[in-house]
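Here's the structure we're looking at; comments come further down.
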2 protein chains.
Amino acid sequence: MNSFTEENYLKAIYKFSLTTKKGVSTNTIAKKLNTKASSVTDMLKKLATKNLINYKKYYGVTLTSKGEQIALSVIRNHRLWEVFLVEKLNFKWDEVHDLAEELEHIKSEKLINNLDAFLNFPTNDPHGDPIPNKNGKIKNLKMINMSELKANEEGIFVYVKDSSDKFLKYLSKNKLEIGERIKILEIEPFDNSFKIAYNNQQLILSESIAKNIYIQS
Amino acid sequence: MNSFTEENYLKAIYKFSLTTKKGVSTNTIAKKLNTKASSVTDMLKKLATKNLINYKKYYGVTLTSKGEQIALSVIRNHRLWEVFLVEKLNFKWDEVHDLAEELEHIKSEKLINNLDAFLNFPTNDPHGDPIPNKNGKIKNLKMINMSELKANEEGIFVYVKDSSDKFLKYLSKNKLEIGERIKILEIEPFDNSFKIAYNNQQLILSESIAKNIYIQS
DNA sequence: TAAAATATTTAGACTAATCTAAAAATTACA
DNA sequence: TGTAATTTTTAGATTAGTCTAAATATTTTA
Ligand SMILES: [Mn+2]
Ligand SMILES: [Mn+2]
Ligand SMILES: [Mn+2]
Ligand SMILES: [Mn+2]
């Protein structure tokens, strides 16, 4: 059995692995988990002896398939609990992450599979992230960043890159939600801001906001 | 904030307090929590400095009102999660205790109050134990042990004293469930066994089984 | 390509929760 | 009521996860 802490390390490594081909560095993990590099080194040694990561001193780490499987299962738990909190317990999408961070570590196949069924096998969490199935398979949406769209193009809002409270609250305030069909009305060349239309309203998004929004392609 | 471990100690002390007027002894707690008396002593000192228990060396402990409040909140969490698992996720009543033992330690007022509402404010868990409300108030059922009933008396089966897997499975096998109306047909004076009728069937219960069953009075 | 800057690891220490073994206090009962 | 049995506490270790400070390796850059 793996501790909460070990699972959090594996999850962090998994997420960084998605965006690098090289190993994930000690410092990267330390920053993400709000801990010190020396603590990370200690944990990496431990995870390596458990065959959950490939660790070569000074050169960062990758997950073994055993490690990846655990990371995916924790992510599955996290995202299913987020769906539960939003859909059944009336939480807002910007309130669920920290609770899911605790619930994800409760280890019971039956619990999570029954929860999955109870929720009707959702494919994405409230922020648009895909939910791995019970075999760890993730169905990746094909999506592109909104900033790559041109005037008059449109698509479904499917994912937020930055899912911090602040950003999610901004979206909620403007009733801009995942699943909404968005049309680009015009792009201001001066500051790359986007004027969009959705659900009978219009809104101007700064470039940095547009870059946090992904559209199904 | 209190650790899982501290909460488990408080809960254990609370439960023993219900059946003794004296302080709860070190050994009693050690047995319940599968640990050693010396470990218990250490923890009692710690809980005492946090003002959660009244501790006088060699004379056992009682909860302070602060400690009792925490114990009741953990118990509330435990029992509400058990209801959730049975009613929403199709668990059997003999499968939920260990999972609830983990879920009970997730500390969020909003989570538990919303769960309570989602479950329609249940008053009892799947084993008949009362669920404290959000202020820690427990509505105690007035109930008596089945062995105190006489022939031809009847009532509703509301609580099991022994909620071990073994006993719960025995009851399930005989379709004898909480909420069932039970009538005592006769009591065999030789071995104090009970012949009962419920839900169109009859069953003979040994004295020790009868003693584990409580009936609403 | 050799400093300088940066990243990583090692060494040694700390805390929470646990343990075993031994000492001390309480309680049981002859 | 004094000794034996039992219970509880103390003393000293251990383990997981963390930290700071120092040492070492890698990377950058002049
Ligand atoms: Mn999340
Ligand atoms: Mn977590
Ligand atoms: Mn239980
Ligand atoms: Mn517990």
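Just so you know, these numbers use all the heavy atoms, side chains as well, and skip hydrogens, waters and symmetry mates. Proteins get letters first, then strands, A, B, ... in listed order; numbering begins at 1 in each.
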Are OP1 or OP2 of D:dT8 and a side-chain N or O of B:Ser25 less than 4.0 angstrom apart? yes
Checking the side chain of B:Asp94 only, and the main-chain atoms of B:Lys169 only, is there a donor and an acceptor separated by less than 3.5 Å? no
Within a reach of under 6.0 Å around NZ of A:Lys134, are more than 12 heavy atoms found that belong to other residues, nucleotides or ligands? no
Rounded to whole Å, CG of B:Leu47 lies from C1' of D:dT9 at a distance of 16 Å
Aromatic B:Phe118 / basic B:Lys88 pairing, under 6.0 angstrom, 45° off normal: yes
Determine the contact category for A:Phe4: base if any of its heavy atoms lies under 4.0 Å from a base atom, sugar-phosphate if only primed atoms, P, OP1 or OP2 are that close, otherwise nothing. nothing
Write down the distance between CD (B:Glu6) and P (C:dT18), rounded to a whole number of angstrom. 10 Å
Rounded to the nearest angstrom, tell me the gap between atom OH in A:Tyr58 and atom P in D:dT26. 7 Å
Roughly how many Å is it from NZ in B:Lys45 to P in C:dA16, rounded to a whole number? 14 Å
Just N and O in the side chain of B:Asn27: are any of them under 4.0 Å from OP1 or OP2 of D:dT8? yes
If I take atom CD1 from residue B:Ile156 and atom CD1 from residue B:Ile215, how far apart are they, to the nearest 0.5 angstrom? 8.5 Å
Would you compute the distance between atom NZ of B:Lys211 and atom CG of B:Asp162 and round it to the nearest 0.5 angstrom? 14.0 Å
Answer yes or no: are there more than 12 heavy-atom neighbours, outside A:Lys161 itself, under 6.0 Å from its atom NZ? no
Side-chain N,O (A:Tyr59) to OP1/OP2 (D:dT26) below 4.0 Å: yes
It should be established whether A:Tyr9 places a side-chain nitrogen or oxygen under 4.0 Å from OP1 or OP2 of nucleotide D:dA16. no
Please list, in numerical order, the residues of residues 29-43 of chain A that have a heavy atom closer than 4.0 Å to any atom of DNA chain D. A:Thr35, A:Lys36, A:Ser38, A:Ser39, A:Asp42, A:Met43
Residue among B:His97, B:Glu102, B:His105 satisfying side-chain hydrogen bond (donor to acceptor under 3.5 Å, both in side chains) with B:His78: B:His97
In residues 49-57 of chain B, which ones come under 4.0 Å of DNA chain D, going by heavy atoms? B:Tyr55, B:Lys57
CZ/B:Phe84 to CG/B:Leu115 distance, rounded to the nearest 0.5 angstrom? 7.0 Å
d(CD, B:Glu7; C1', C:dA16) in whole Å: 15 Å
